[in-house]
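Report on the structure given below.
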Amino acid sequence: MISIKQISEKDIDLCYELDSNTISLWSKKQWANEFKHKSTIIFGLLITNLVVGICVFKIVVDEAQINYFVIDQKFRKRGFGSYLMRYLIKRCEKLNVNRLLLEVSRKNVNAERFYTRFDFSTVGIRKNYYKDGSDALLKEKKITTK
Ligand SMILES: CC(C)(COP(=O)(O)OP(=O)(O)OC[C@H]1O[C@@H](n2cnc3c(N)ncnc32)[C@H](O)[C@@H]1OP(=O)(O)O)[C@@H](O)C(=O)NCCC(=O)NCCS
């Protein structure tokens with residue numbers, strides 16, 4: 001059974017573990033910082049009790065920024081990322097968010113294709129943004145609020 005639930009700080013180990021096994025973006029300290037921001041929402045995609053995906057997003061007035069979006073390697077290409085993204089978009093609609101933003105490496109072809117399917121368009125480029133020297137593409141999706 002698939003479900004989505006908000007993740008609290010007590011599950012920080014779980015977030016860190018999934019991150020370490022996938023894109024290794026943040027240290028445990030950085031994860032702890034994410035949980036401290038009041039405007040940040042962290043939720044997980046679960047299959048029964050197993051967390052297979054995590055999304056971290058932050059709302060500032062009428063804009064939302066996706067700071068983290070990952071599906072466990074073993075569960076990719078089965079529609080779970082799309083499930084989580086559809087949920088996030090619905091949530092933004094309800095919260096009257098007009099713009100959803102994220103950064104993705106120019107080298108991350110899979111993720112870019114994924115976001116393009118959700119009508120994200122490139123609105124900026126941050127040169128040499130990542131540790132490996134690759135550029136970040138700044139992507140935006142306009143949200144129609146209800
Ligand atoms: C990007 C990411 C979140 C996508 O997650 P996912 O669960 O694989 O996403 P989906 O399964 O919904 O869609 C991925 C592809 O699988 C295809 N797919 C979906 N269900 C499928 C199925 N049952 N059988 C075969 N293919 C399927 C989709 O059509 C999609 O095709 P695309 O490559 O043209 O977009 C995942 O690859 C990931 O975690 N990447 C690493 C982290 C990352 O790069 N994050 C983004 C930067 S912040």
Side-chain angles (χ1 to χ4, degrees), residues 2-12 14-47 51-73 75-146:
I2 304 174
S3 62
I4 290 178
K5 73 159 196 178
Q6 197 155 329
I7 294 183
S8 66
E9 195 164 1
K10 69 175 171 46
D11 287 324
I12 187 167
L14 199 150
C15 295
Y16 181 64
E17 197 187 323
L18 183 59
D19 187 22
S20 304
N21 292 334
T22 52
I23 57 174
S24 300
L25 189 66
W26 292 330
S27 64
K28 213 163 184 180
K29 202 172 162 195
Q30 284 171 302
W31 274 103
N33 280 335
E34 288 300 312
F35 281 102
K36 285 195 181 85
H37 298 299
K38 287 229 155 39
S39 53
T40 298
I41 305 175
I42 302 176
F43 50 83
L45 176 77
L46 287 82
I47 301 177
V51 176
V52 301
I54 291 178
C55 172
V56 177
F57 81 112
K58 186 177 177 171
I59 299 177
V60 182
V61 194
D62 61 345
E63 283 185 8
Q65 165 93 27
I66 300 176
N67 289 337
Y68 191 91
F69 193 97
V70 154
I71 298 292
D72 185 333
Q73 187 80 53
F75 293 89
R76 288 183 194 165
K77 301 234 176 252
R78 297 201 224 163
F80 294 125
S82 301
Y83 188 96
L84 191 57
M85 182 56 75
R86 282 196 298 271
Y87 175 86
L88 177 59
I89 293 167
K90 271 200 199 114
R91 186 125 184 200
C92 286
E93 286 169 355
K94 280 190 195 142
L95 294 168
N96 289 322
V97 166
N98 292 315
R99 231 156 70 100
L100 187 52
L101 296 158
L102 59 87
E103 276 144 11
V104 61
S105 166
R106 197 197 277 280
K107 284 188 181 168
N108 193 345
V109 181
N110 280 344
E112 226 217 306
R113 198 170 48 226
F114 175 80
Y115 293 129
T116 302
R117 279 202 297 115
F118 281 95
D119 295 326
F120 279 86
S121 52
T122 302
V123 290
I125 296 169
R126 302 194 206 285
K127 289 268 174 204
N128 301 316
Y129 186 76
Y130 295 103
K131 278 181 229 157
D132 67 353
S134 62
D135 301 339
L137 303 178
L138 179 62
K139 298 261 179 192
E140 175 201 82
K141 176 179 169 63
K142 296 254 196 285
I143 307 275
T144 320
T145 51
K146 290 185 175 155

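Quick caveat, the model's predicted, so the values are computed rather than measured.
Of the possible donor and acceptor atoms, one in the side chain of N108 sits under 3.5 Å from a partner among the backbone N and O of A111. At distances below 3.5 Å, at least one donor-acceptor pair connects side-chain atoms of T22 with backbone N or O atoms of L18.
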Residue pair F43, I54: steps toward the side chain to side chain contact (heavy atoms under 4.5 Å, CB included) verdict: CA-CA 6 Å; F43 50 83; I54 291 178; over 6 Å; no
Chi angles and distances behind the side chain to side chain contact (heavy atoms under 4.5 Å, CB included) call for L138, I125: CA-CA 6 Å; L138 179 62; I125 296 169; over 6 Å; no
Worked check of side chain to side chain contact (heavy atoms under 4.5 Å, CB included) between K139 and L101: CA-CA 6 Å; K139 298 261 179 192; L101 296 158; over 6 Å; no
From CA spacing to verdict: side chain to side chain contact (heavy atoms under 4.5 Å, CB included), I41, R91: CA-CA 11 Å; I41 305 175; R91 186 125 184 200; 3.9 Å; yes
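Using a 4.5 Å cut-off on side-chain heavy atoms (C-beta onward), F57 and L88 make contact. Side-chain contact between V52 and R78 is absent, with no heavy atoms from C-beta onward closer than 4.5 Å. Contact annotation: the side chain of F80 approaches that of I47 to within less than 4.5 Å [non-hydrogen atoms, C-beta and beyond]. With contacts defined as side-chain heavy-atom distances shorter than 4.5 Å, the pair E140/L102 does not qualify. Within the 4.5 Å cutoff, no side-chain heavy atoms of Y115 are placed close to those of K141.
Aromatic pair F120/F114: centroids not less than 6.0 angstrom apart.
Salt-bridge annotation for E34 and K36: absent, with no side-chain N of the basic residue lying under 4.0 Å from a carboxylate O of the acidic one. Ion pairing of E103 with R126 is present here, as a side-chain N (NZ or NE/NH1/NH2) and a carboxylate O approach within less than 4.0 Å. Electrostatic pairing of D132 and K107 counts as a salt bridge here, judged by a charged N lying under 4.0 Å from a carboxylate O.
With sequence neighbours excluded, the residues satisfying side-chain contact (heavy atoms from CB on, under 4.5 Å) with R86 are S82, Y83, F118.
The two residues K28 and I12 have their closest heavy-atom pair at O-CD1, 3.8 Å. Across F69 and G81, no two heavy atoms sit closer than the pair CZ-O, 3.5 Å. Y129 and A136 make their closest contact through CD2-CB, 3.4 Å (heavy atoms, listed as atom of the first residue, atom of the second, distance).
When each of I89, L45, I2 is checked for a side chain to side chain contact (heavy atoms under 4.5 Å, CB included) with L84, only L45 meets the rule.
Evaluation of the side-chain hydrogen bond (donor to acceptor under 3.5 Å, both in side chains) test over residues 58-72, restricted to residues two or more places apart or in two chains, returns D19-Y68, D62-N98, E63-R99.
Relative ring orientation between W31 and W26 is described as perpendicular, the plane-to-plane angle rising above 60° on a 0-90° scale split at 30° and 60°.
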